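The chains referred to below are lettered A, B, ... by the order of the sequence lines, with proteins before strands, and numbering in each begins at 1. None of the values given here were measured: they were computed from a predicted structure.
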Amino acid sequence: MASIDPTQLSNWFQAYSDRLALYARQWLDAALADDVVQDVFLRMVSLRTQPSNIPAWLFRSVRNASLTQIRSRKRRRLHEEQRTTQQPAWFEPQPDEPISSGNVQSALELLPHEQREIVILKIWGNMTLQEVADIVEQPISTVFSRYRSALAALRRIMEKSNAK
Amino acid sequence: MQNEPQLTSVELEIEAAFGGLQPAKSFIDRDKLMFQAGQRSIHNRTWMWPITTALLTLALVFSLTLRTRPQPTERIQMTTDISNPSSQSIRQSEFSYLKIRNKVFTKGIDALPVQEQSSPANNEPLPTIMNELKFEDS
């Protein structure tokens, strides 16, 4: 396939930029997450041929770029500092939402990292289990097991928070 | 997808409930991104022609330096052997022909020499160019 054209880039950006930013924000603060997502889209322009699965490529690239950022000592210190400052919400608050977006964000933050990543990819990334397994480089059985565990944990957390 | 393990109905409900939430809008400037993307794509394309030109130039220089010297061509040059009497008589015949020709040009047809009758003892034909060349029948 030929390289991506501006119209395609715009469409992919419109469809996935928010989801990719959400995915990156489990590792990075909002501003850095946006930078990483922007760089990934620019890198896609430089590709000579389009990836066969563009959404999976986007999420995998954001993951790799985010982990590269977090591994840097300097960024790690900044990340720890930023966590104490107020960050924008992960989800758009909606009136009369069946479940509180703030509670969902809190519940996600309580999950182990490997479960949270899979939940975000599966639910908001619309990835299949196989695609998630390819992105996180784990067997599909492991991914499925972690996903079910994450859903059960989220359910418990939400029930507990609703009970309060 | 068909081979993927399936969730229970409860798990599917939870999945659907969470899926109803919209991720917050990123603060990425779309117009700035598109502008940078355009610049990057042009930058990728502008490098193609200089690289191609440089490669072709290198190939040309390489081929010119490695080009073999032209092979010496053989030329057959006819030379006259001075020691050979027949070649001497050819030159003399040519000289007398040119002399006669010039006389005719300057003084007219009457300047042609009168052919002397050869003695019967001398049966040799008069020297002519054709005779002197002595083409042999194959």
Side-chain angles (χ1 to χ4, degrees), chain A residues 3-6 9-10 13-14 17-25 30-31 33-35 37-38 41-48 88-94 97-101 104-105 107-108 119-120 122-126 128-130 140-141 143-145 147-148 151-152 154-155 158, chain B residues 1-70:
Chain A
S3 58
I4 198 161
D5 65 45
L9 177 68
S10 177
F13 177 81
Q14 193 169 347
S17 61
D18 300 337
R19 304 166 197 263
L20 291 168
L22 172 66
Y23 184 55
R25 288 186 63 185
D34 286 350
D35 287 345
V37 170
Q38 181 170 318
F41 275 108
L42 287 176
R43 214 175 327 137
M44 192 167 69
V45 172
S46 302
L47 295 176
R48 296 223 177 263
W90 286 12
F91 300 98
E92 291 285 340
Q94 291 173 3
E97 52 191 12
I99 50 175
S100 163
S101 57
V104 170
Q105 179 178 339
L108 284 170
V119 165
I120 292 176
K122 189 73 180 68
I123 296 179
W124 290 284
N126 291 328
T128 63
L129 280 174
Q130 184 60 58
I140 192 170
S141 57
V143 169
F144 184 59
S145 170
Y147 185 53
R148 295 189 74 190
L151 289 177
L154 285 170
R155 185 185 174 192
M158 295 301 296
Chain B
M1 192 78 172
Q2 290 175 350
N3 295 333
E4 286 197 354
Q6 298 297 315
L7 297 170
T8 63
S9 56
V10 174
E11 289 167 340
L12 287 170
E13 279 182 21
I14 299 170
E15 192 182 57
F18 281 111
L21 294 175
Q22 292 298 318
K25 292 282 181 194
S26 70
F27 294 100
I28 301 171
D29 188 340
R30 180 198 165 276
D31 294 337
K32 183 181 172 186
L33 171 70
M34 296 304 293
F35 177 77
Q36 287 177 339
Q39 280 190 318
R40 188 171 285 208
S41 68
I42 289 171
H43 181 261
N44 290 342
R45 280 201 298 269
T46 54
W47 273 107
M48 201 171 75
W49 285 112
I51 288 173
T52 305
T53 306
L55 286 174
L56 288 174
T57 306
L58 279 173
L60 179 64
V61 168
F62 190 69
S63 66
L64 286 174
T65 53
L66 285 186
R67 194 176 68 175
T68 55
R69 283 185 153 182

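Taking CG from A:L42 and CD from B:Q36, the interatomic distance works out to 5.5 Å, rounded to the nearest 0.5 Å. The distance from atom CD of B:Q6 to atom CG of A:L129, rounded to the nearest 0.5 Å, is 8.5 Å. A:Q105 CD to B:L21 CG: the interatomic distance, rounded to the nearest 0.5 Å, is 10.5 Å. To the nearest 0.5 Å, the span separating CD1 on B:I28 from CZ on A:F41 amounts to 7.0 Å. In this structure, B:E15 CD and A:L154 CG are separated by 11.5 Å, a value rounded to the nearest 0.5 Å. Atom-to-atom distance recorded for B:E13:CD and A:L151:CG is 12.0 Å, nearest 0.5 angstrom.
When each of A:D18, A:V37, A:V104 is scored by its heavy-atom pairs under 4.5 Å with chain B, the top score falls to A:D18. In terms of non-hydrogen atom pairs under 4.5 Å with chain B, the most contact-rich of A:S101, A:A21, A:S10 is A:S10. Between chain B and the options A:N126, A:D35, A:L20, A:I123, the largest number of non-hydrogen pairs under 4.5 Å is found for A:I123.
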Under the side-chain contact (heavy atoms from CB on, under 4.5 Å) rule, what do B:M34 and A:L9 come out as? Steps first, then yes or no, please.
CA-CA 8 Å; B:M34 296 304 293; A:L9 177 68; 3.8 Å; yes

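Of the two parts of A:W90, only the backbone, made up of N, CA, C and O, holds a non-hydrogen atom closer than 4.5 Å to a non-hydrogen atom of chain B. Contact annotation for A:I99: both backbone and side-chain heavy atoms come within less than 4.5 Å of a heavy atom of chain B. If you measure heavy-atom distances from A:M158 to chain B, the contacts under 4.5 Å come from the side chain alone. For A:I140, the part lying near chain B is the side chain, with the backbone staying farther off; criterion is any non-hydrogen pair under 4.5 Å. In this structure, the portion of A:P88 lying under 4.5 Å from any heavy atom of chain B is its side chain and not its backbone.
Counting only heavy atoms from C-beta outward, the side chains of B:L7 and A:R148 approach each other to under 4.5 Å.
Annotation: salt bridge (Lys or Arg N to Asp or Glu O under 4.0 Å) contacts of A:E92 (sequence neighbours excluded): none. Residues satisfying the salt bridge (Lys or Arg N to Asp or Glu O under 4.0 Å) test with B:R30, not counting sequence neighbours, are none.
Closest heavy-atom contact between B:S26 and A:D34: CB-OD1, 3.5 Å.
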